Amino acid sequence: MTNYIATAAEVGGQLAANRYLVLLRMLCAKALYGLSAAEYGLYGLHRRPFSRVSAYRTKKQTTAWFNRINPGDRKPLVEDKLAFHRKCQSANLPVPPLLAVLSSRSPHDADGFPLLTCFSDVQRHFAGDDSLRLILKPRSDAMGTGVRFVELRSGEPFDIEGRPIDAVPFADSLHFDMRRDDYLVQSFVRPHPDVARLGSGKALGTLRIVTFLKGSEFWVLYALMRIPSLGNVHDNFSAGASGNLIANVDVETGRLGPAWGRRNGGFPRLLESFDCNPDTGLPVRGEALPQWGEIRDAVRRAAHAFRELPFLGWDFALSDDGIVIIEANSNPDIVGAQVSTGKGARELLRPLCSG
């Protein structure tokens with residue numbers, strides 16, 4: 001109840017409304033539709049007619065929905081990033097170069113790639129490169145957890161800001177995480193300049209594009225642009241807690257809607273919309289993503305290549321060398337979509353409901 005009272009106080013303060021009436025409305029949304037206080041605040045449901053609240057869904061509700069659509073025995077095609085990389089290559093889909101597999105378990109399916117066992121091996125393997133930017137990515141983890149950036153200059157490690165890294169604690173931390181998962185060593189994808197200027201972070205900003213296949217029919221259900229901010233080295237939105245921004249992308253034109261994020265410390269449970277990046281002042285709303293037609297074509301090809309999983313959330317990147325597929329997710333987070341589009345999951349995912 002504490003979260004409901006605190007969120008109602010913030011909403012009441014933002015709208016100059018009676019917090020007790022706001023609280024009553026929130027409790028009705030919980031009782032009727034299962035929506036928590038956090039979700040009520042994130043989705044801006046205080047700005048929606050109550051008749052539209054029924055369209056919104058929780059993560060638990062959409063997970064159950066997606067699990068009925070995507071066969072569980074086919075999910076390793078996207079959940080295992082090595083298997084995903086191989087399938088993309090066999091379908092001639094654009095993926096970042098995979099330079100090595102990092103494992104202490106000698107996996108049987110790593111053939112064709114250098115097998116390294118620790119960070120010292122990584123340093124030695126790439127010691128001949130004057131400067132090489134790498135992403136060390138867990139083979140199985142989702143949501144960007146455990147991902148590390150490192151730049152090697154003749155084998156010596158530096159961070160994304162160009163500062164020297166103490167190799168010992170970096171290696172120890174990586175070794176600890178490797179006890180539960182192998183890592184892929186990939187080339188760092190440099191963002192296209194038109195995409196990089198949308199944000200203020202150092203990370204690669206990716207597009208989340210959600211597709212659905214049903215028989216001969218194909219839909220791009222929605223698309224989002226993740227905008228790294230505040231010097232972050234990842235682009236995860238994390239319901240605004242990361243400081244990064246997110247914007248809806250018009251699936252027909254590739255133009256961005258307003259950015260959404262948290263910048264007002266007085267209302268930490270609520271999100272704000274911005275026509276311009278609040279950190280740089282540069283425009284976001286109305287900006288057109290380059291190569292949107294080519295991205296749409298690549299998404300269609302990718303969806304058909306992975307048709308065993310009819311519903312997928314694709315992470316695409318626009319690099320300075322062209323379009324790249326970073327990964328795919330069989331249970332994409334619906335939070336960012338419901339935030340940035342102003343629509344609930346039942347509206348966004350309408351083709352999943354038909355038939």
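Owing to the predicted nature of the structure, the values given are computational and were not obtained by experimental measurement. Values reported hereafter were calculated over all heavy atoms of this structure, with side chains retained and with hydrogens, waters and symmetry mates removed.
One hydrophobic cluster, built from ILVMFWY side chains closer than 4.5 Å, cannot hold both W219 and V249; they sit in different ones. Residues L245 and L289 are members of one and the same hydrophobic cluster, defined by side-chain heavy-atom contacts under 4.5 angstrom among Ile, Leu, Val, Met, Phe, Trp and Tyr.
Salt-bridge check for D129 with R153: failed, with every basic side-chain N at 4.0 Å or more from each acidic carboxylate O. In summary, R105 and D182 engage in a salt bridge, as defined by a charged side-chain N under 4.0 Å from a carboxylate O. The pair R86-D109 does not meet the salt-bridge criterion, since no charged nitrogen lies less than 4.0 angstrom from a carboxylate oxygen. Comment: E347 engages R52 in a salt bridge, judged by a side-chain N to carboxylate O separation of less than 4.0 angstrom. R300 has no carboxylate O lying under 4.0 Å from a charged side-chain N of D297, or vice versa, which leaves the two without a salt bridge.
Ring-centre distance between F212 and F218: not below the 6.0 Å cut-off. Checked against the 6.0 Å centroid criterion, the rings of Y56 and Y40 do not qualify as a close aromatic pair.
In terms of modelled atom types and a separation under 3.5 Å, the side chain of Q123 and the main chain of G155 share a donor-acceptor contact. Side chain of N236 to main chain of S238: no donor-acceptor pair is present (N/O by atom type, distance under 3.5 Å, no hydrogens or angles). Side-chain atoms of D159 come within 3.5 Å of backbone atoms of R163 as a donor-acceptor pair (strictly under, hydrogens ignored).
Taking all atoms of both residues into account, the shortest heavy-atom contact from A8 to V22 is CA-CG1, 3.9 Å. The nearest pair of heavy atoms linking P310 to P71 is CD-CD, 4.2 Å.
L184 shares a hydrophobic cluster with L82, L98, V101, F113, L115; the chain of contacts runs through ILVMFWY side chains whose heavy atoms sit under 4.5 Å apart. Grouping Ile, Leu, Val, Met, Phe, Trp and Tyr residues whose side-chain heavy atoms lie under 4.5 Å apart, directly or via other members, leaves F158 alone, with no other cluster members. In this structure, V150 shares a hydrophobic cluster with L99, L102, L116, F119, V122, F126, L132, L134, L136, L152, I165, F170, L174, M178, Y183, V185, the cluster being traced through Ile, Leu, Val, Met, Phe, Trp and Tyr side chains under 4.5 angstrom apart.
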Begin with the C-alpha distance, continue with both residues' side-chain angles, and end with the deciding distance and a verdict on side chain to side chain donor-acceptor pair (under 3.5 Å) for N244 and N232. CA-CA 8 Å; N244 290 332; N232 284 335; 2.8 Å; yes
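Between N329 and the choices R208, E79, K75, the side chain to side chain contact (heavy atoms under 4.5 Å, CB included) rule is met once, by R208.
Contact annotation: the side chain of L309 approaches that of N70 to within less than 4.5 Å [non-hydrogen atoms, C-beta and beyond]. Residues R263 and F274 are in side-chain contact: their nearest non-hydrogen atoms beyond the backbone lie under 4.5 Å apart.
One distance of note links CD of E308 with OG of S330; it measures 12.5 Å at 0.5 Å rounding.
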